[in-house]
Number of protein chains: 2
Amino acid sequence: MAYSYEYPHPAVTVDVAVFTVDNGALEVLLIKRGEWPHTGKWALPGGFVEIDESLKRAAWRELREETGVHAGYLEQLGAFGHPDRDPRERVITVVYIALVPLDRLRFEAGSDAADAQLFAISELPELAFDHAKILRRARERLRDKLDVADIATQLMPAQFTLTELQRTHETISGTESDKRNFRKKLKTLEIVEPTGENRQGGPHRPARLYRATRSI
Amino acid sequence: MAYSYEYPHPAVTVDVAVFTVDNGALEVLLIKRGEWPHTGKWALPGGFVEIDESLKRAAWRELREETGVHAGYLEQLGAFGHPDRDPRERVITVVYIALVPLDRLRFEAGSDAADAQLFAISELPELAFDHAKILRRARERLRDKLDVADIATQLMPAQFTLTELQRTHETISGTESDKRNFRKKLKTLEIVEPTGENRQGGPHRPARLYRATRSI
């Protein structure tokens with residue numbers, strides 16, 4: 001069946017950048033493309049928007065189909081629409097960001113993805129389409145929103161120490177924080193609360209465990 | 001001529017929210033629609049993306065055609081794509097924000113716009129499509145970015161007093177600032193510098209005039 005229009009229409013896709021923090025490194029979930037174009041290259045999971053589904057719903061569906069990941073909160077990064085970004089036809093893509101703590105991130109390649117894997121942002125492989133540019137923008141958005149929206153807490157496991165939270169914050173922002181100022185800010189923002197438990201073991205004295213009080 | 005595709009394609013438009021501050025009120029530039037659908041309703045200026053132009057270029061072109069405004073910096077707010085937002089067909093729109101000081105904002109209705117007018121954000125008319133929702137999001141983006149990007153200075157005329165700048169800041173943020181804290185923050189951010197001149201006249205003592213040192 002063919003669909004016909006009086007003037008040329010672009011195709012619209014969604015792509016999802018799933019970020020996590022693993023041992024102090026910011027990582028992103030990529031899939032290996034199983035189909036033309038850019039076959040065999042790594043890319044953000046994504047695909048075409050169905051004509052009757054919302055953009056966010058499409059992002060959620062494509063992420064699940066290609067990686068098995070059920071995203072919680074998806075934030076829209078924006079639309080990328082350079083006329084030459086896809087060799088097939090004019091394709092405008094709408095990109096979403098998801099933040100998933102490592103201990104809740106389960107994935108496996110599905111649909112037309114040949115593989116799925118986490119990559120450190122500092123050691124990305126060659127990427128398909130304009131996905132390298134998209135990831136740079138996503139990184140900037142994370143940095144910009146860090147203080148406003150306490151993204152770091154979203155990437156933590158259920159319980160964490162303040163030192164672990166500070167390390168995650170530093171990983172995303174790319175800058176070191178002063179320990180005292182960092183803890184003062186946490187107090188002001190009221191974004192964490194003690195769980196009442198301590199992290200035992202190791203050579204150091206036990207550290208208090210905290211949990212997030214809210215998310216963006 | 002007809003354009004044919006193997007699967008249904010959405011149409012893609014761009015819309016532009018041009019903000020300015022007039023006598024302490026945040027205002028947005030709207031056009032009165034001259035064509036179906038929503039004929040006679042007020043709407044953000046915008047229109048269909050040409051198949052070979054970038055999204056930002058389309059936004060710039062549509063704004064110029066419909067209102068005569070040549071936008072400087074356009075920031076993308078994001079894509080809005082609810083399947084039922086347009087009665088014609090599936091239309092996904094990519095929205096841009098422009099900030100223009102009132103003394104540089106010249107506009108007149110053009111193209112398929114029947115009229116063009118500034119409206120206070122607090123007194124918007126009934127809007128076409130989902131443009132009321134889009135404007136709420138745009139307003140949130142301005143608030144979120146205010147501290148990071150000193151948007152307020154972009155909305156000021158070439159020279160302004162610190163009191164005028166504070167009033168604009170308060171207009172966008174919707175909250176009052178403490179005068180002393182506000183000035184302290186300006187100093188930290190280094191976003192304004194004295195011009196060496198003073199505002200004369202009026203019953204008060206002359207106020208020093210400032211200019212912006214940088215923009216986002």
Side-chain angles (χ1 to χ4, degrees), chain A residues 1-15 47-59 74-86 88-97 130 133-134 137-138 140-151 173 216, chain B residues 1-15 47-59 74-86 88-97 130 133-134 137-138 140-151 173 216:
Chain A
M1 181 164 173
Y3 296 85
S4 164
Y5 303 91
E6 280 177 34
Y7 53 94
H9 278 43
V12 176
T13 57
V14 285
D15 289 298
F48 292 95
V49 176
E50 301 284 346
I51 203 70
D52 57 357
E53 72 182 344
S54 72
L55 298 170
K56 190 175 276 189
R57 172 78 202 175
L74 284 172
E75 165 165 332
Q76 192 191 108
L77 174 64
F80 294 77
H82 192 282
D84 303 324
R85 59 178 297 282
D86 193 307
R88 289 170 290 192
E89 59 180 314
R90 174 80 190 267
V91 180
I92 292 166
T93 193
V94 180
V95 179
Y96 286 82
I97 294 175
D130 53 355
K133 173 185 164 186
I134 289 173
R137 293 278 187 84
E140 288 165 17
R141 172 72 64 93
L142 291 185
R143 278 199 203 108
D144 285 351
K145 292 208 68 166
L146 201 57
D147 285 332
V148 180
D150 53 271
I151 279 176
S173 68
I216 57 171
Chain B
M1 182 164 172
Y3 297 85
S4 170
Y5 303 91
E6 281 178 35
Y7 53 94
H9 278 43
V12 177
T13 56
V14 285
D15 289 299
F48 292 96
V49 176
E50 301 285 346
I51 204 69
D52 58 356
E53 73 183 343
S54 73
L55 299 171
K56 189 176 278 191
R57 173 78 201 174
L74 284 171
E75 165 164 332
Q76 193 192 107
L77 174 64
F80 294 77
H82 192 283
D84 303 324
R85 58 178 298 281
D86 194 307
R88 290 170 289 192
E89 60 180 313
R90 175 78 189 267
V91 179
I92 292 165
T93 193
V94 180
V95 180
Y96 286 82
I97 294 174
D130 53 355
K133 173 183 164 188
I134 289 172
R137 294 278 187 83
E140 287 165 18
R141 173 70 65 92
L142 291 186
R143 278 197 204 109
D144 285 351
K145 292 207 71 167
L146 199 57
D147 284 333
V148 180
D150 52 272
I151 280 178
S173 68
I216 56 171

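All values below come from the heavy atoms of this structure, side chains included, with hydrogens, waters and symmetry mates left out. Sequence lines set the chain letters: A, B, ... in the order given, protein chains first and strands last, and positions in each chain run from 1. The shown structure was predicted, so the numbers you read here are calculated from the model rather than taken from an experiment.
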Practice task
Would you name the heavy atoms of A/Tyr96 and A/Leu55 that are closest together and state the gap between them?
Solution key: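 Result for this residue pair: OH-CB, 3.3 Å.
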Exercise for the section: Identify the heavy atoms of A/Ser54 and B/Pro83 that sit nearest to each other, and give their distance. Expected result: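 A/Ser54 and B/Pro83 have their closest heavy atoms at N-CG, 3.8 Å.
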Exercise for the section: Please check if atom CZ in A/Arg85 has more than 12 non-hydrogen atoms from other residues, nucleotides or ligands closer than 6.0 Å. Expected result: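 It does: A/Arg85 CZ has more than 12 such atoms within range.
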Exercise for the section: Tell me, out of B/Gln76, B/Arg57, B/Lys56, who's got the most heavy-atom pairs with chain A below 4.5 Å. Expected result: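 Winner by heavy-atom pair count: B/Gln76.
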Practice task
Count the heavy-atom pairs under 4.5 Å between each of B/Pro8, B/Ala2, B/Ala58 and chain A, then report the option with the highest count.
Solution key: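 Top option by heavy-atom pairs under 4.5 Å: B/Pro8.
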Which bit of [X] comes within less than 4.5 Å of chain A, counting heavy atoms only: side chain, backbone, both or neither?
{"X": "B/Glu89", "result": "side chain"}
{"X": "B/Ile51", "result": "both"}
{"X": "B/Val49", "result": "side chain"}

Practice task
Would you give the length of the straight line joining atom CD of A/Glu53 to atom NE2 of B/His82, rounded to the nearest 0.5 angstrom?
Solution key: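 If I round to the nearest 0.5 Å, the distance is 12.0 Å.
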Handout entry: A/Asp86 CG to A/Ile92 CD1 distance, which is reported to the nearest 0.5 Å
Key =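 It comes to 11.5 Å.
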Practice task
Kindly assign one of parallel, tilted or perpendicular to the pair A/His9 and A/Tyr7, based on the angle between their ring planes and the thresholds 30° and 60°.
Solution key: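 Tilted.
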Practice task
Among the options A/Ala11, A/Pro10, A/Gly78, pick out the one with the most heavy-atom pairs lying under 4.5 Å from chain B.
Solution key: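 Among the listed options, the one with the most contacts to chain B is A/Pro10.
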Handout entry: chain B contacts, top residue of A/Asp84, A/Val12, A/Val94 (heavy-atom pairs, under 4.5 Å)
Key =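 Ranked by contacts with chain B, first place is A/Val12.
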